[in-house]
> 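Take a look at this one; I'll ask things after.
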Number of protein chains: 2
Amino acid sequence: MTDDSIANHGSAPATVDEFRERLTQITPDLPRRLRQCADYIAAHSDRIAVSTVAELAAGADVPPSALMRFCQIIGFSGFSEMQKLFREAYAPGWPDYSTRLRNLKEGGAGSPAALLAEFIEAGRLSLESLAKTVDETALADAVQTLSKAETIHVVGFRRAFPVASYLVYVFEKMSVPAMLHDGVGKLDHRFALRPGDAVLAITFAPYSEETLTLAQDARDRGLPVIGLTDRVTSPLARTSSAIITVPEVDFGAFRSLSATIALALSLAVAVGSARE
Amino acid sequence: MTDDSIANHGSAPATVDEFRERLTQITPDLPRRLRQCADYIAAHSDRIAVSTVAELAAGADVPPSALMRFCQIIGFSGFSEMQKLFREAYAPGWPDYSTRLRNLKEGGAGSPAALLAEFIEAGRLSLESLAKTVDETALADAVQTLSKAETIHVVGFRRAFPVASYLVYVFEKMSVPAMLHDGVGKLDHRFALRPGDAVLAITFAPYSEETLTLAQDARDRGLPVIGLTDRVTSPLARTSSAIITVPEVDFGAFRSLSATIALALSLAVAVGSARE
DNA sequence: AGCTTTTTGGAATATTTATTCCATTATGCA
DNA sequence: TGCATAATGGAATAAATATTCCAAAAAGCT
């Protein structure tokens, strides 16, 4: 390490974002031990706020002094200054969210507030788990396929229906030709499927017969089918050209749909902008 | 404080839940300064993991030694032991969730994965903010009103429609008589409103004319109207007997609906069980 | 291979932070 | 009102933690 690069002093990152930027920027040309620090910190930045130098150093498998040097190279005066940044940035997430949740639950099991707390929690967990498990490739494939389609046929019944209807609403707002197969009047819309179209089918266990049928139908005619479902083993997988799974956490017999809607929304917006 | 009560030693809470339980249990008969500690800690337990004794003591407006005593009364050997509990319990929420989000975003602005990350984030924020701002009284009132209604008329268009339709789905599953006013075929269902019924109206800015009209109509006939909307200044407030607001965070022009659905769901389930 | 420069580990030190102790003040009781 | 008991604040001490420094090892260069 030359004197020049230590001259980063005095320009400490002021936000977590700045920190990450600097981190990725300097990581490539760092000697072995310092690289270990950078890698470990990048993967566990959430623990900086609650750990000691010794603990982090042990995690990165380097002596404490190496971690110390690392902090200084990034621009901090030392570890404490870096930790301060993370301790302060730690508030915005949940100023006292968990406390509040607990209070809500104390209204007593079955009280509306307690129920709400449970659903909020389920929603949050679903979103987090979606972030962790989403298959980016499948998502990109789906976007690709749908943006090339003439008309997008969206189908979903029962609890998938709200998602389907929201999708169509968003497609409309973005001027993407889309059709909602909602089964109103028991009309069978399958003749609306035309060459060049694509189907976006949404269903969760217990899988809706109508949805599967429409997907199969589209498949038979050679149209691409994008499946939005809960497991890779879903019957929808057999008929779909791309399948995206959403890990939704239930509370009781009902699911929050948070993750499903977030996914549907990003799908729709991505398709909308790809088509412009 | 007698010697007996200090004898809590050796039975330190092993989980955050146990901690809270003990806290509420002992708070009532605590002298002034210790009570201050208990209150402050209860309201800010999320900051224990990242603060020093001095900081927390300053927050509670007591000398550090008082906070120290407080820790021991709860059963810990000292502050450090208490902090340890919170530092360890801090992981379960997001093993590396934020890291993951960041990676998703790095696919580039506009990429499907980046969009998804944004929507996930918006959903999470919405849920948290719902937890913090929900009006428990209004919620309880709404449940009360709806459980006494013969038939519940649910109305919501555009982006409120997915919520309305999900509500009706859940009501059906719970055998609650409910009717979705969806405007299919431009049919005007308002004659369906009968004495003893109630209306659950959902609308967000820009408020849908049809929804407001139906709410007004119900009001004129003396039926209770529950409003689910985005601000207390919503036009829906004028016609509603109870109004519940949902702080939904938008990303771009679209909203995640996570908070709205969580709220709707708990409303429906609470009503469903109240009617049994 | 021999010399120079960079990197490394760990022991020594400085600083911060937790914890205890006790003199003082307040409170409850006869 | 006076005595006993509990509560309090702050200064002194102990412990943990961060930080520096330097000798030794490794890497790069001629």
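By convention in this document, chain letters (A, B, ...) are assigned in the order of the sequence lines, proteins followed by strands, and residues within each chain are numbered from 1.
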> As an exercise, state the distance from CD of B:Gln36 to CG of B:Asp61, rounded to the nearest 0.5 Å.
6.0 Å
> Separation of B:Glu55 atom CD from C:dT16 atom P, in whole Å?
13 Å
> Does D:dT20 have OP1 or OP2 sitting under 4.0 Å from an N or O in the side chain of A:Gln72?
yes
> Could you state the CE-C1' distance from A:Met68 to C:dT13, rounded to the nearest angstrom?
13 Å
> Can you tell me which nucleotide in D:dT20, D:dA18, C:dC21 comes closest to the side chain of A:Ser65?
D:dT20
> Expressed as a whole number of angstroms, how long is the span from B:Leu67:CG to C:dT20:P?
14 Å
> Rounded to the nearest angstrom, tell me the gap between atom CD1 in B:Ile48 and atom P in C:dT17.
17 Å
> Which residue, A:Ser126, A:Ser129, A:Ser258, forms the side-chain hydrogen bond (donor to acceptor under 3.5 Å, both in side chains) with A:Glu248?
A:Ser126
> Identify the heavy atoms of B:Met68 and B:Phe79 that sit nearest to each other, and give their distance.
CE-N, 3.2 Å
> How close or far is atom C1' of C:dT17 from atom NZ of A:Lys84, stated in whole angstroms?
16 Å
> Between P on D:dA18 and CE on A:Met82, what's the gap in Å once rounded to a whole number?
11 Å
> In this structure, how many angstroms lie between the P atom of C:dT27 and the CZ atom of B:Arg32, rounded?
8 Å
> Nearest to the B:Thr52 side chain among C:dT17, C:dT8, D:dT17, which nucleotide is it?
C:dT17
> Grab the CD-C1' distance between B:Gln83 and C:dT16 for me, whole Å please.
13 Å
> State the CG-CG distance between B:Leu116 and A:Leu139, to the nearest 0.5 angstrom.
6.5 Å
> For B:Arg69 and B:Ser80, take the nucleotide of DNA chain C holding the closest heavy atom to each; which residue's nucleotide lies nearer the 5' end?
B:Ser80
> Closest approach to the side chain of A:Phe79, judged atom by atom: which nucleotide of C:dT20, D:dT19, D:dT20 is it?
D:dT19
